[in-house]
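Counting starts at 1 for both ligands and their atoms, in listed order.
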Amino acid sequence: MTDLSTKYMGLDLRNPIIAASSGLTDSVENIVKLEINGAGAVVLKSLFEEQIMMDIDEQRMNNMYGSYDNVEDYIGFYTKKHRIDNYLQLIRDSKKKTSIPVIASINCVSASEWTEFASRIQEAGADALELNMFIMPSDGNYAGADIEQIYFDIIEAIKQHITIPVALKISNFFSGMANFAIKLSESGISSLVLFNRFYRPDVDLEKMKITSSHIYSNPDENAMVLRWIGILKGKLACDMAASTGIHDGKTILKNLLVGANAVEVASAIYKNGMGVIPQMLTEMTEWMKAHNYNSVSELIGKLSQESVTKPMIYERAQFMKYFSDVK
Ligand SMILES: Cc1cc2nc3c(=O)[nH]c(=O)nc-3n(C[C@H](O)[C@H](O)[C@H](O)COP(=O)(O)O)c2cc1C
């Protein structure tokens, strides 16, 4: 029997495929279907820091005025608050109806009071919390170090309120990536998720306006993930999960081989339906059998930078030979 189980931030996963945070993970019906289709764990759709702050503000207003009924934007406000209650209920229901780990997710950009809310996520039964963080470095007044400090502040604040494992999902836009990743891994988190993929702008030449580029990833985008997981394996004080461009079982195997403990998948499920999960698992099992591997744990990190005979291959950036040969 091929053993696909893996240990990810202290959690036992029956296999390394985690359904990534997205619209696919925002209802208990879908979570149940993801479990039936074989997902090893799920990350729920992110709740936004802004939504949590709305809830905190409402409690304050209620304390001051007795009721929030007269406030003009009550309806919009109610909708947002309602989402928070629904989110906690989603965690409870998902835990009740499935047996795979349920990882909650919060999209955040500051270490403000919202961090206290994490304790309610823990109380609702989440097995872990993934923080989805991206601070756009578009403000010329902030240096890289100022932005990086916000990550550490958020982790420190969150860790005061919860004991469940915390994962941090980051972008690849950091100038000192290895140094930053190592320091993050030493800040008390249990996993780094490399990397998030964001909304991208495009230009519509006919309508002469800015539009949204491709919402879903393509398999080429995984190369950058492979590079960084491979480089960081063995250097971090926490686990890693791969995210972006994972569309088949072979790509999962590659990400494990460079050092990921698990992978997060969104676009492939959106494009092909949940049936892609069992296909991926079959592909993994067949490859492992054909290559005499009995368990996923034998694969993790086998081809990381520290394990290969030519480690510089991970750092090669220019196509020197290619350019010099091309006439
Ligand atoms: C429609 C859609 C919604 C998403 N929503 C979230 C979200 O709420 N929180 C989050 O952390 N990531 C979100 N993501 C990002 C995915 O979790 C994932 O990191 C990213 O799509 C890269 O993985 P993929 O190549 O498998 O799609 C979303 C992605 C898509 C396509």
Side-chain angles (χ1 to χ4, degrees), residues 8-9 16-27 30-31 34 37 39-52 80 83-84 86-87 90-91 94 102-109 114 118 121 126 128-136 151 154 158 166-173 189 191-202 211-229 240-256 260 262-277 279-280:
Y8 174 58
M9 49 175 180
I17 304 180
I18 301 174
S21 177
S22 74
L24 294 164
T25 58
D26 73 349
S27 73
N30 274 359
I31 310 289
L34 286 161
N37 277 280
V42 290
V43 184
L44 302 181
K45 170 102 184 119
S46 299
L47 194 60
F48 281 72
E49 170 183 330
E50 183 204 0
Q51 294 172 303
I52 301 168
K80 285 197 168 120
R83 267 191 226 147
I84 290 189
N86 285 349
Y87 199 79
L90 175 62
I91 297 172
S94 304
V102 173
I103 303 169
S105 166
I106 297 179
N107 176 304
C108 53
V109 290
W114 74 264
I121 282 187
L129 173 64
E130 184 176 285
L131 299 175
N132 163 16
M133 282 185 66
F134 179 53
I135 298 159
M136 180 72 75
Y151 286 72
I154 292 180
I158 281 281
V166 176
L168 186 63
K169 188 179 186 186
I170 60 172
S171 78
N172 60 317
F173 303 119
I189 58 169
S191 169
L192 261 186
V193 183
L194 306 172
F195 296 104
N196 204 349
R197 182 178 184 277
F198 303 97
Y199 173 91
R200 300 143 184 239
D202 195 1
T211 56
S212 159
S213 180
H214 301 289
I215 296 172
Y216 303 130
S217 67
N218 68 61
D220 290 352
E221 294 176 48
N222 186 245
M224 179 187 51
V225 178
L226 284 180
R227 162 174 278 163
W228 280 106
I229 291 186
M240 284 183 282
S243 160
T244 293
I246 296 160
H247 288 249
D248 54 32
K250 292 223 167 86
T251 309
I252 297 175
L253 291 163
K254 292 180 190 181
N255 282 269
L256 297 172
V263 301
E264 297 192 358
V265 180
S267 294
I269 307 177
Y270 269 109
K271 283 184 178 173
N272 308 301
M274 292 183 194
V276 77
I277 301 172
Q279 281 170 23
M280 288 169 161

Problem set entry | Distance filter under 4.0 Å to Lys45 heavy atoms, resulting ligand 1 atoms | 5 (N), 7 (C), 8 (O)
For this session: Identify which of Leu194, Thr244, Asp26 has a heavy atom lying nearest to atom 22 (C) of ligand 1.
Result: Thr244
Exercise. Going by the order shown, which atoms of ligand 1 are within less than 4.0 Å of some heavy atom of Asn132?
Worked result: 9 (N), 10 (C), 11 (O)
Exercise. In the protein, what heavy atom is nearest to atom 27 (O) of ligand 1, and what distance, to one decimal place, separates them?
Worked result: Ser267 OG, 2.5 Å
Exercise. Are any of the heavy atoms in Asn107 under 4.0 Å away from ligand 1?
Worked result: no
Problem set entry | Nearest candidate to atom 18 (C) of ligand 1, where distance is taken over non-hydrogen atoms, out of Lys169, Glu130, Met133 | Lys169
Seminar exercise, completed: Taking only non-hydrogen atoms of Ala20 and a 4.0 Å limit, the atoms of ligand 1 in range are 17 (O)
Exercise. Looking at ligand 1, does any of its N/O atoms fall within less than 3.5 Å of an N/O of Tyr216?
Worked result: no
Exercise. Numbering the atoms of ligand 1 from 1, which are under 4.0 Å from a heavy atom of Asn196?
Worked result: 11 (O), 12 (N), 15 (C), 19 (O)
For this session: Please confirm whether His247 comes within less than 3.5 Å of ligand 1 when only nitrogen or oxygen atoms on both sides are compared.
Result: no
For this session: For Ala268 and ligand 1, answer yes if some heavy atom of the residue is under 4.0 Å from a ligand atom, otherwise no.
Result: no
Problem set entry | Distance from atom 7 (C) of ligand 1 to nearest protein heavy atom, with residue and atom | Ser21 OG, 3.2 Å
For this session: Go through ligand 1 atom by atom and flag the ones less than 4.0 Å from a non-hydrogen atom of Arg197.
Result: 20 (C), 22 (C)
Exercise. Which residue supplies the protein heavy atom nearest to atom 9 (N) of ligand 1, what is that atom called, and how far is it?
Worked result: Ser46 OG, 2.6 Å
Problem set entry | Pair Arg227 + Glu221, salt bridge at N-O below 4.0 Å | no
Exercise. In terms of atom number and element, which parts of ligand 1 are under 4.0 angstrom from non-hydrogen atoms of Val265?
Worked result: 26 (O)
Problem set entry | Short N or O distance, Ile215 and ligand 1, threshold 3.5 Å exclusive | no
Exercise. What residue and atom, counting heavy atoms only, is the protein's closest point to atom 1 (C) of ligand 1, and at what distance?
Worked result: Tyr270 OH, 3.4 Å
For this session: Within a distance under 4.0 Å of any heavy atom of Ser243, pick out the atoms of ligand 1 and give their elements.
Result: 18 (C), 19 (O), 22 (C), 23 (O)
For this session: Please confirm whether Ser105 comes within less than 3.5 Å of ligand 1 when only nitrogen or oxygen atoms on both sides are compared.
Result: no
